[in-house]
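Below: one structure, written as structure tokens.
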Amino acid sequence: MTATSARPAVVPAPLERRSPLPVFTKSLTDSWRSLVGWSLGFIAALSLYLPIFPSMSGNSQMQDLIDSLPPALTRTINYENISTGAGYAQSTFFGLMGFLLISIAAISWGAAAIGGDEESGQLELTLAHAVTRMEVAVQRFAALAVKILALAAVAFRMVLFWNGPAELDIDAANLASTCLLFAGHALVCGSTALLCGALTGRRIWGIGGGTAVAVGGYVFNAVGNQSTDLAWLHALSPYYAAYGHHPLIHGADAWTLALFYLAALVLGVLAALTLRQRDVGV
Amino acid sequence: MTLRSSLPAAKAAIEAVHLVKRFGTTVALDGVSFSIARGSVFGVIGPNGAGKTTIMRALLDLIRLSSGRATLLGTDSRNAGPELRRRIGYLPGELILEGRTTGRRLLGHYANISGPVVQGRVDDLADRFGLDPDRTVRTLSKGNKQKLGIVQAFMHQPDLLVLDEPTSGLDPLMQQEFLSLVSEARDAGQTVFLSSHMISEIQQAADEVAILRDGRIITVAGVEALRGSAIRHLRMSATGVGVAELRSRLAPLTGMAELDCRSRRPAQRPPPCSAVRSRRSSRRSPP
């Protein structure tokens with residue numbers, strides 16, 4: 001017994017175990033730094049905006065200032081409702097700063113997932129290993145969704161944290177469904193970036209496609225707000241679909257939520273099918 | 001283009017039948033057929049742009065053939081599943097590795113996908129090449145990255161190795177180490193398909209060689225036959241003989257293709273006369 005333990009070479013060499021979902025795990029572990037960075041950004045933005053709400057809402061001068069602005073401007077930046085806590089959080093964070101941050105994060109992750117990886121030349125070697133293209137695309141899409149949901153969870157926790165101290169008086173259930181919408185909208189932008197990256201094998205097209213959905217939706221919403229003649233533009237705006245009915249005040253419609261996640265899923269599947277069809281790295 | 005009779009599917013590691021690949025109007029592969037016996041080393045040489053990389057990428061199903069088909073280890077290459085890929089080790093010609101992580105972590109990731117990898121195998125391979133696997137990939141030199149790529153291809157002891165210009169960036173000592181790794185792989189029953197633009201390397205490593213040009217296989221031959229048909233340039237200088245006389249003596253030699261005799265200027269002496277000779281040895285009369 002002692003002889004065999006002293007000579008481990010005699011024992012059959014143990015095999016390193018193959019972990020399930022290796023591409024998914026890798027995708028998550030690779031981006032923990034950026035996930036932490038974006039989370040800090042969220043925490044900073046929310047901790048700058050939310051605590052000053054009491055001084056904004058109780059201050060008639062602030063409302064006078066908003067009233068003195070051209071109505072077209074306040075409608076464009078969605079600042080009509082900032083006297084309530086829900087309206088304030090929606091106008092400053094979910095509709096503006098948070099929307100900007102999570103869209104940038106989602107689009108950059110989505111564009112890098114396939115298009116960026118192919119452009120840099122690393123996708124070729126991954127695909128030469130024991131995975132199918134479908135697996136790579138699906139697992140990277142799943143990782144994208146998890147990262148975006150993690151960011152939305154950070155937003156949820158932070159708003160909930162400030163809800164009492166900043167006298168926001170936001171209903172927790174409405175906040176939860178709004179955060180899901182917030183993530184769903186970002187996931188649609190990120191999945192579009194993933195799909196455009198998978199179509200072209202170029203990161204920049206992914207960024208372009210994702211940005212078109214985010215910015216286009218925002219612009220259509222802003223222009224549609226201006227008059228009833230232009231309100232039809234709302235139909236083209238994912239941003240309006242998410243925030244047009246004030247989910248922080250009224251709660252999010254379950255169908256709207258389902259629609260966002262379904263759309264993201266369809267985009268993800270399309271990306272996988274596209275990648276399956278074409279030449280990689282040419 | 002098939003210059004050898006096809007092997008039975010079970011015996012061939014790679015069976016490529018009339019591979020054609022077009023990129024737009026460019027024809028990258030123009031009907032390439034070959035087969036590689038299991039347990040042999042097969043080399044392909046050719047100038048840049050001949051289609052070496054395209055063949056390898058098509059075999060790995062990274063690019064899709066316009067027509068033709070390829071069978072790897074008895075499985076059709078098109079949309080082949082993980083089971084086949086696990087049995088293949090691939091080294092891309094233009095190796096790009098993720099820079100932020102360490103070599104060991106990166107290898108661990110690929111082992112997760114294509115494993116199992118025998119414990120200690122990575123360290124053994126890294127030791128042979130003098131590679132420190134715990135350094136961040138970004139900080140490695142080109143040659144060290146190439147070593148990491150070689151370890152990546154060999155670590156899971158695949159049945160088939162597809163290596164695109166594997167020694168590029170390696171110093172001569174490491175090239176020798178690589179060649180001994182290849183012959184060990186052959187002795188262990190693994191099949192190796194490698195490309196190069198250096199004939200000397202192929203001559204050392206391969207049992208059989210295909211010469212590729214403009215997307216076509218010009219010839220498939222054993223290494224000895226290839227060596228015999230190689231063009232060699234010789235330069236010699238002679239003293240005590242005139243240009244005309246030297247030319248008349250050298251010109252009749254068998255296999256002489258081009259002959260250039262000229263006299264050196266008086267200032268540059270010795271020698272007063274030199275001959276530049278290039279000869280093509282014929283197969284009928286060996287040198």
Side-chain angles (χ1 to χ4, degrees), chain A residues 7-34 112-114 116-140 143 201 203 272-282, chain B residues 21-24 26 28 53-54 56-66 79-101 105-122 124 137 149 152-153 155-156 158 162 164:
Chain A
R7 291 170 56 201
V10 179
V11 181
L15 302 172
E16 285 176 21
R17 189 176 293 163
R18 181 173 177 266
S19 71
L21 304 178
V23 178
F24 173 77
T25 320
K26 170 88 173 151
S27 194
L28 280 186
T29 50
D30 275 355
S31 50
W32 71 267
R33 281 188 198 85
S34 77
I114 293 175
D117 200 39
E118 180 173 348
E119 191 171 0
S120 75
Q122 296 173 43
L123 184 65
E124 177 181 345
L125 190 52
T126 303
L127 292 180
H129 279 277
V131 279
T132 63
R133 297 184 183 195
M134 290 293 274
E135 283 172 340
V136 170
V138 167
Q139 290 187 30
R140 288 190 176 164
R203 184 185 152 86
L273 292 175
T274 310
L275 185 64
R276 196 163 183 266
Q277 293 309 316
R278 67 183 180 80
D279 292 351
V280 168
V282 290
Chain B
K21 179 63 187 176
R22 290 182 211 93
F23 294 110
T26 332
T53 298
T54 307
M56 295 190 164
R57 293 167 57 92
L59 290 176
L60 280 142
D61 199 36
L62 295 165
I63 57 174
R64 267 67 194 268
L65 293 165
S66 307
N79 280 330
E83 296 73 25
L84 174 64
R85 284 157 191 283
R86 188 165 295 126
R87 299 170 63 196
I88 300 175
Y90 174 55
L91 178 67
E94 200 178 323
L95 180 68
I96 313 280
L97 299 169
E98 187 198 327
R100 287 175 301 174
T101 185
R105 280 170 178 272
L106 192 64
L107 293 173
H109 169 59
Y110 291 126
N112 260 341
I113 301 178
S114 289
V117 170
V118 174
Q119 198 115 50
R121 169 86 174 152
V122 165
D124 289 348
V137 176
Q152 171 271 143
M155 64 179 177
H156 55 297
V162 179
D164 194 356

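In the text below, chain A, chain B and the rest are named by the order of the sequence lines, each starting its count at 1.
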With side-chain contact (heavy atoms from CB on, under 4.5 Å) as the test, would you mind laying out the steps for B:Arg100 and B:Val137 before giving the verdict? CA-CA 6 Å; B:Arg100 287 175 301 174; B:Val137 176; over 6 Å; no
Answer whether the closest heavy-atom distance between the side chains of [X] and [Y] falls below 4.5 Å.
X: A:Leu127; Y: A:Arg133; value: yes
X: A:Val23; Y: A:Arg140; value: yes
X: B:Arg85; Y: A:Val131; value: no

I'd like to know if the side chain of B:Glu98 pairs up with that of B:His109 as donor and acceptor (distance under 3.5 Å, no hydrogens or angles considered). no
Does any heavy atom of chain A fall under 4.5 Å from the side chain of [X], the backbone, both, or neither of them?
X: B:Glu94; value: neither
X: B:Arg105; value: neither
X: B:Leu95; value: side chain
X: B:Leu60; value: side chain

Side chain to side chain donor-acceptor pair (under 3.5 Å) filter on B:Arg57, not counting sequence neighbours, yields A:Glu124
Could you tell me which residues in residues 24-32 of chain A have at least one non-hydrogen atom under 4.5 Å from a non-hydrogen atom of chain B, sorted by residue number? A:Lys26, A:Asp30
Crowded around B:Arg22 CZ? As in, over 12 foreign heavy atoms under 6.0 Å? no
Check whether any side-chain N or O of A:Glu119 sits under 3.5 Å from a backbone N or O of A:Arg203 as a donor-acceptor pair, and report yes or no. yes
Where does A:Arg276 contact chain B at under 4.5 Å (heavy atoms): side chain, backbone, both or neither? both
